[in-house]
Amino acid sequence: QVQLVESGGGSVQSGGSMRLSCVVSSYASTDFVYFAWFRQVPGREREGVASMRSSGYTRYADFGQGRFTISHDSSENTVYLQINNMKPEDTATYYCAARFSYAQSNSLLSPSTYDNWGQGTQVTVSS
């Protein structure tokens, strides 16, 4: 079982920036490697923020365009989510996810696409 461990959450003021990290344990070599970040607030469904394939293809939620950037450092087996110009509505628990088999591009922001999850890291943005 692949393990994902998030870090980097915390509290920040509106307009600030934050970078979340997700260390991914080793996995079998495959052409189909997908990583994603999701977020969830109590009482609401988990929503996709950003996703990427190891080839470099990225996909963002509409609200994430321009403020969120997903990236992957293969040398450190780490996936990052850079968040800029943060807003109070970004307050949530952020989860890292991974998939190691083929997935259609239009499914990459759906939680059901992923079968490997981290434990989550809390992000709080104050106004």
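The figures that follow rest on heavy atoms only: side chains count, while hydrogens, waters and symmetry mates do not.
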Visitor: Applying a strict under-4.5 Å side-chain criterion to I, L, V, M, F, W and Y, I'd like to know whether Val5 and Tyr80 cluster together.
Guide: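 Val5 does not cluster with Tyr80.
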Visitor: In the single-linkage hydrophobic clustering (I, L, V, M, F, W, Y; side-chain heavy atoms under 4.5 Å), do Phe68 and Leu108 co-cluster?
Guide: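 Looking at the clustering, Leu108 is in a separate group from Phe68.
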Visitor: Taking only residues two or more places apart in sequence, or in another chain, which ones meet Ala98 in a side-chain contact (heavy atoms from CB on, under 4.5 Å)?
Guide: Leu4, Phe35, Phe100, Asn116
Visitor: Within a radius of less than 6.0 Å around CD of Glu89, do more than 12 heavy atoms belonging to other residues, nucleotides or ligands occur?
Guide: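 More than 12 heavy atoms, drawn from other residues, nucleotides or ligands, come within 6.0 Å of this atom.
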Visitor: Once ring-ring contact (aromatic ring centres under 6.0 Å, His included) is applied, do any residues pair with Phe32, and if so which ones, sequence neighbours excluded?
Guide: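 For Phe32 the ring-ring contact (aromatic ring centres under 6.0 Å, His included) partners, ignoring immediate neighbours, are Tyr102.
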Visitor: Does Gln104 offer a backbone N or O that forms a donor-acceptor pair with the side chain of Ser107 under 3.5 Å?
Guide: yes
Visitor: Answer with yes or no whether the hydrophobic clustering places Trp37 together with Ile83; edges join I, L, V, M, F, W, Y residues whose side-chain heavy atoms lie under 4.5 Å apart.
Guide: yes
Visitor: Is there a path of hydrophobic side-chain contacts, each under 4.5 Å between heavy atoms, that joins Val79 and Leu109?
Guide: no
Visitor: For Tyr34, which residues count as a ring-ring contact (aromatic ring centres under 6.0 Å, His included) partner, sequence neighbours excluded?
Guide: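 So Tyr34 forms no ring-ring contact (aromatic ring centres under 6.0 Å, His included) with any residue.
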Visitor: Can you give the donor-acceptor pairs under 3.5 Å from side chains of residues 7-19 to other protein atoms, not counting sequence neighbours?
Guide:
{"from": "Ser14", "atom 1": "OG", "to": "Met86", "atom 2": "O", "distance (Å)": "3.4"}
{"from": "Ser17", "atom 1": "OG", "to": "Asn84", "atom 2": "OD1", "distance (Å)": "3.1"}

Visitor: Using 0.5 Å steps for rounding, measure from the NE2 atom of His72 to the OG atom of Ser54.
Guide: 8.0 Å
Visitor: Side chain to side chain donor-acceptor pair (under 3.5 Å) with Ser75: which residues, sequence neighbours excluded?
Guide: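 Applying side chain to side chain donor-acceptor pair (under 3.5 Å) to Ser75 gives Asp73.
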Visitor: Enumerate the residue pairs fulfilling salt bridge (charged side-chain N to carboxylate O under 4.0 Å, His left out) with a member in residues 26-42, sequence neighbours excluded, ordered by first and then second residue.
Guide: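 Passing the test, one end in residues 26-42: Arg39-Glu47, Arg39-Asp90.
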Visitor: How long is the gap from CE on Met52 to CG on Leu81, to the nearest 0.5 Å?
Guide: 11.5 Å
Visitor: With Phe38 as reference, evaluate Tyr114, Tyr94, Tyr95 under the ring-ring contact (aromatic ring centres under 6.0 Å, His included) test and give the passing residue.
Guide: Tyr114
Visitor: Name all pairs fulfilling the salt bridge (charged side-chain N to carboxylate O under 4.0 Å, His left out) condition that reach into residues 50-62, sequence neighbours left out, sorted by first residue then second.
Guide: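 Qualifying pairs, neighbours excluded: none.
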Visitor: Kindly state each residue pair satisfying disulfide (SG to SG under 2.5 Å) with at least one member in residues 40-114, sequence neighbours excluded.
Guide: Cys22-Cys96
Visitor: Tell me, please, which residues at least two apart from Ser26 pass side chain to side chain donor-acceptor pair (under 3.5 Å).
Guide: none
Visitor: Which residues satisfy the salt bridge (charged side-chain N to carboxylate O under 4.0 Å, His left out) test with Glu76, sequence neighbours excluded?
Guide: none
Visitor: Go through the steps for Val41 and Thr91 under the test side chain to side chain contact (heavy atoms under 4.5 Å, CB included), then give the verdict.
Guide: CA-CA 8 Å; Val41 297; Thr91 295; 5.7 Å; no
Visitor: Given side chains that start at C-beta, do those of Tyr60 and Thr69 come closer than 4.5 Å, heavy atoms only?
Guide: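 In contact.
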Visitor: So, using side-chain contact (heavy atoms from CB on, under 4.5 Å) as the criterion, who are the partners of Ser25 when residues are at least two apart?
Guide: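 Expected list: Val2, Gln3.
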Visitor: Report yes or no: does Tyr27 contribute a side-chain atom to a donor-acceptor pair with the main-chain N or O of Arg99 at less than 3.5 Å?
Guide: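 No, the answer is negative, given that no donor and acceptor are paired below the 3.5 Å cut-off.
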Visitor: Going by side chain to side chain donor-acceptor pair (under 3.5 Å), name the residues that satisfy it together with Ser105, two or more places apart in sequence or in a different chain.
Guide: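 Partners of Ser105 by the side chain to side chain donor-acceptor pair (under 3.5 Å) criterion come out as none, since no residue qualifies.
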